[in-house]
Amino acid sequence: MHIDFQTALDPEQYAAVTTTEGPVLIIAGAGSGKTRVITYRIAYLLSRGVPQEAILALTFTNKAASEMVQRAHDLTGLPLKNLMVSTFHSFGAWMLRREATTLGYRPNFSIYDEDDRIRAIRESAHELGFPTEDLDPVRLSQLFSARRAGYEKQGELSAREMELYERYRKTLKVYNAVDFDDLIALPLELLQEHDDVRARYRARFRYVMIDEFQDTSLQQYAFIRQIESGNICVVGDDDQSIYSWRGADFRNIERFELDHPGLFEIKLERNYRSTGSILTAANTVIAHNTRRKKKQLWSPQGVHGTPIMLIDAEDDEEEAERIIATIRELRFREHADWDDIGILVRTNSLAEGIEEKLVEHNVPYRVAGGPSFYQRREVKDIVAYLKAAVNPDDDVSVLRVLNVPRRGIGPATIEFLSNIAKDRSVSLRRAAEMARQMVGVAQAKDGHLQKALSEVYAFFDYLAQIRMAFLEERRPVSIAIRNIVEDVGYWQYLLEEHKKNDKVAVWKYRNIELLAASAERWEKDPDTFEKDIFAYLARISLTVRDEVGDAEQRLSLLTIHAAKGLEFDYVFIPGCENGILPHARSVEESGDIEEERRLFYVAVTRAKRRLFISRAMQRKKNGSFQETTPSPFLNELPQDLIVMADKQAQPHNEDELRREFFSRLKSRLGA
DNA sequence: GTGTTTACTTTTTTT
DNA sequence: AAGTAAACAC
């Protein structure tokens with residue numbers, strides 16, 4: 001490994017990379033080469049003889065983590081098997097797996113995503129006889145998270161809801177399951193309460209780095225404090241803090257300063273990404289925020305670039321049409337590649353409308369965000385089989401597939417078993433086991449129930465069989481998936497469920513085949529170090545989307561949240577209307593629009609060359625049209641840098657003419 | 001226990 | 001406008 005750090009980095013970056021001992025705070029403005037600094041820092045540590053296993057780098061997304069490893073690998077040319085670059089949650093899961101017994105869990109615990117969690121809350125509410133009419137599991141889920149993270153004020157619960165919260169926690173323990181909050185809270189508890197464990201982890205991870213530090217929660221901050229032992233480097237930008245709704249608190253930056261008196265602090269303000277007009281716009285907008293660290297992005301090249309375009313359309317459909325027309329023009333006039341274009345939306349629902357138009361116009365695109373592959377019902381079903389096989393006490397997964405495909409196990413049977421389970425605080429599986437032994441049950445006259453119960457027993461026996469295959473003969477996950485589909489007759493089930501249009505059934509079956517194929521790829525990947533079923537389940541529970549590495553050029557359509565850390569030559573920000581950006585709900589909840597402004601700032605700073613902002617005068621919402629007003633952020637932009645897009649100047653262009661020509665040709669040949 | 005009809009509200013962002 | 005949950009019929 002031979003790297004000339006001095007020439008590869010600007011002076012500030014160089015200082016940030018080479019100050020390896022003691023606490024370091026890096027304030028990294030948008031486009032200032034943050035990822036570059038972190039990867040060079042890893043390379044620098046390695047070049048100084050620090051062993052890989054002594055380094056811990058924590059990020060928020062799997063994408064950021066894998067990109068970092070990739071770039072560190074490219075830089076050093078070293079195999080990086082023992083380098084721990086991970087998301088907070090994956091790292092928590094990893095720790096918890098190793099230390100489960102200390103905390104009273106078994107190592108085969110299940111990880112519950114939001115959907116599983118809602119089901120568990122419903123289940124607990126049902127057990128408590130909580131009135132269903134005022135049960136809002138989604139809201140409760142948020143409140144529970146706030147409470148778990150230590151935000152008492154936000155997490156205000158009524159006495160009854162508090163009772164439900166306690167029951168939910170107990171229920172998860174019985175199921176041997178943890179939720180996302182637990183993945184941080186439990187390892188934290190472990191480090192706080194077991195000096196020997198803390199000493200062990202501190203001894204190992206002598207160099208700790210935190211990416212997107214402004215997005216850490218109080219809980220994560222406490223966790224960082226526990227695991228670091230002096231050499232801690234945090235990188236963040238308070239202007240890009242957009243996750244406060246998830247418990248993030250950018251004041252952790254101030255806390256960090258207070259807690260580390262001798263810290264080395266450096267600001268990266270050189271922006272290598274955007275043109276001058278985009279930077280000026282970004283600086284002007286963000287200056288309206290009151291609580292922020294002072295920062296001014298500047299461009300070392302000093303190029304001013306093209307003005308920002310403002311598109312105002314009659315309605316949402318016209319907005320999408322004009323965006324697409326503009327994109328065509330960019331492709332024609334500036335030879336823009338599809339990959340260079342990003343459409344950044346505030347909400348997923350906004351993306352849907354645009355997506356329809358993209359399909360209509362044959363624009364190749366990829367969507368990020370939105371419901372992921374792993375959330376699809378058929379995929380979740382199969383995954384639930386895997387989860388339940390590994391951890392048969394996981395009632396949420398069990399209940400999900402107990403009667404899928406239909407086995408005649410309905411509400412009555414489940415009620416019967418859950419009563420036993422509730423009385424003894426055990427899982428359904430244990431309850432079923434007990435029922436099997438109980439003479440009274442075997443002699444009961446109810447033929448229906450008898451039949452259903454024997455189906456339940458057979459179901460658990462089947463799960464045990466799969467479990468054995470995993471643990472004893474180490475059956476690969478991909479094979480197990482295909483076995484399950486076959487054994488339970490899932491294909492027949494799909495056909496049965498979609499009698500009217502078997503296209504849906506085929507589509508769903510294909511998704512399952514994709515799941516098996518992706519598992520197979522994962523098994524064969526030389527970079528996967530742990531290949532057992534536990535590692536697999538942790539991975540898919542904590543992955544939003546798999547980066548499908550297809551070489552095809554595509555435009556990106558994604559939420560602003562998902563766009564953080566990315567950049568595009570051409571950026572479109574649709575829906576710049578009051579209520580959308582800033583989002584009404586957010587303003588209502590937090591009382592100010594500063595976070596929404598940061599969101600707008602993040603969107604603007606993704607653009608390298610040109611920025612297009614659009615809005616519709618009226619927009620379809622829940623079926624009917626609604627008049628809109630422009631986003632206040634539009635007035636905060638420097639007006640001399642904005643140009644109104646001309647409505648008339650959207651003629652047929654090359655692409656369209658060509659397509660029209662071909663379609664005519666085709667129909668003539670066909671006729 | 002399963003299938004169909006009816007009433008109703010919904011999404012802001014994600015590990 | 002559409003998808004979900006409760007209500008109802010078989």
Side-chain angles (χ1 to χ4, degrees), chain A residues 58-65 86-93 111-115 117-118 122 132-133 135-139 141-142 145 149 178-185 212 215-217 219-220 241-248 344-353 356 368-372 374-375 377 403 405-415 446-449 451-452 455 496-497 499-500 538-545 558-564 575 579-590 595-596 598-600 602-603 620-625:
Chain A
L58 293 178
T59 66
F60 278 89
T61 64
N62 291 289
K63 200 188 71 216
S86 171
T87 66
F88 272 93
H89 291 87
S90 303
F91 184 69
I111 298 171
Y112 279 5
D113 63 18
E114 194 59 26
D115 185 58
R117 178 184 219 201
I118 299 290
R122 283 228 166 83
T132 40
E133 58 271 20
L135 178 73
D136 181 351
V138 176
R139 186 186 129 260
S141 168
Q142 282 164 7
S145 284
V178 300
D179 59 23
F180 285 153
D181 299 330
D182 289 329
L183 288 177
I184 309 298
E212 307 281 11
D215 288 333
T216 51
S217 65
Q219 211 178 21
Q220 284 161 330
S241 162
I242 53 175
Y243 282 103
S244 74
W245 49 274
R246 199 171 74 178
L344 276 45
V345 292
R346 174 67 243 263
T347 66
N348 282 308
S349 58
L350 216 50
E352 276 167 33
E356 275 172 36
S372 85
Y374 296 115
Q375 318 269 27
R377 187 165 302 151
N403 200 30
R406 295 184 199 289
R407 302 184 173 94
I409 306 168
T413 314
I414 289 169
E415 195 61 36
D446 189 340
H448 260 302
L449 182 66
K451 182 118 196 311
E455 285 290 342
E496 192 65 27
E497 287 295 293
K499 275 187 212 140
K500 287 143 213 151
R539 190 186 89 97
I540 65 170
S541 311
L542 301 173
T543 307
V544 192
R545 64 206 166 94
L558 61 177
T559 63
I560 300 175
H561 284 89
K564 188 149 79 133
I580 294 182
L581 184 62
H583 200 281
R585 203 87 165 223
S586 161
V587 179
E588 192 184 310
E589 209 160 89
S590 65
E595 174 141 324
E596 294 293 308
R598 289 193 291 270
L599 216 33
F600 186 63
V602 167
K620 209 168 202 173
K621 207 185 159 203
N622 299 344
S624 62
F625 276 105

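Numbers restart at 1 for each chain; the letters A, B, ... are given by sequence-line order, proteins then strands. Since the model is a prediction, treat every value here as computed from it, not as a measurement.
Using a 4.0 Å cut-off between charged nitrogen and carboxylate oxygen, A/R598 and A/E595 count as a salt-bridge pair.
Regarding contacts with the backbone of B/dT12, every side-chain N or O of A/N348 stays at 4.0 angstrom or more from both OP1 and OP2. Note on A/R407: every side-chain N or O is 4.0 Å or more away from OP1 and OP2 of B/dT2. In terms of phosphate contacts, A/R346 brings no side-chain nitrogen or oxygen within less than 4.0 Å of OP1 or OP2 of B/dT11.
A/E596 approaches A/H583 most closely through the heavy-atom pair OE1-N, 2.9 Å. Minimum interatomic distance between A/D215 and A/Q220 (heavy atoms only, all atoms of both residues): O-OE1, 3.9 Å. Between A/F180 and A/E114, the closest heavy-atom pair is CE1-N, 4.3 Å.
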Would you tabulate the nitrogen or oxygen pairs shorter than 3.5 Å linking the protein to nucleotides 7-10 of chain C?
none

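B/dT13 has its base stacked against the ring of A/W245, the centroids being under 5.5 angstrom apart at an interplanar angle below 30°.
Rounded to whole Å, atom C1' of B/dT13 lies 9 Å from atom CD of A/E595. In this structure, the NZ atom of A/K621 is 17 Å from the P atom of C/dA2, given to the nearest Å. Rounded to a whole Å, the CD atom of A/E352 is 12 Å from the P atom of B/dT12. Rounded to an integer number of Å, the gap from A/E356 CD to C/dA1 P is 13 Å. For A/Y243 and B/dT13, the OH to P distance is 11 Å, given to the nearest whole Å. The CD1 atom of A/I409 sits 9 Å away from the P atom of B/dT2 (whole-angstrom rounding). Computed from coordinates, the A/I184 CD1 to B/dT14 P distance equals 18 Å when rounded to whole Å. With rounding to whole Å, A/F600 atom CZ is found 17 Å from B/dT12 atom C1'.
A residue-by-residue look at A/G408 and A/H583 shows that A/G408 has its nearest nucleotide of DNA chain B further toward the 5' end. Both A/E596 and A/T413 lie near DNA chain B, and the one whose nearest nucleotide falls closer to the 5' end is A/T413.
Residue A/L350 is tested with A/L581, A/L344, A/T559, A/I580 for a side-chain contact (heavy atoms from CB on, under 4.5 Å); the sole match is A/I580.
Using a 4.0 Å heavy-atom distance criterion, A/A452 is classed as making no nucleic acid contact. If you check every strand for non-hydrogen atoms under 4.0 Å, A/N403 touches sugar and phosphate atoms only. A/F60 comes within 4.0 angstrom of the backbone, heavy atoms only, and of no base. As judged by a 4.0 angstrom heavy-atom cut-off over every strand, A/S349 is placed among the base-contacting residues.
Contacts of A/F60 classified as ring-ring contact (aromatic ring centres under 6.0 Å, His included), with partners at least two apart in sequence or in another chain: A/F88.
Side-chain contact, A/D181 with A/S145: a donor N or O sits under 3.5 Å from an acceptor N or O.
In this structure a side-chain-to-backbone donor-acceptor pair under 3.5 Å is present from A/R117 to A/S141.
In this structure, the nucleotide among B/dT14, B/dT12, C/dA5 sitting nearest to the side chain of A/T347 is B/dT12. Proximity note for A/S586 (side chain, C-beta onward) versus C/dT4, B/dT13, B/dT12: the nearest is B/dT12. Of all nucleotides listed (B/dT14, B/dG1, C/dA5), B/dG1 comes nearest to the side chain of A/A412.
Side-chain N/O atoms of A/R246 and base N/O atoms of B/dT13 include no donor-acceptor pair closer than 3.5 Å.
Spacing of C1' atoms, B/dT11 relative to C/dT4, comes out at 14 Å, to the nearest Å.
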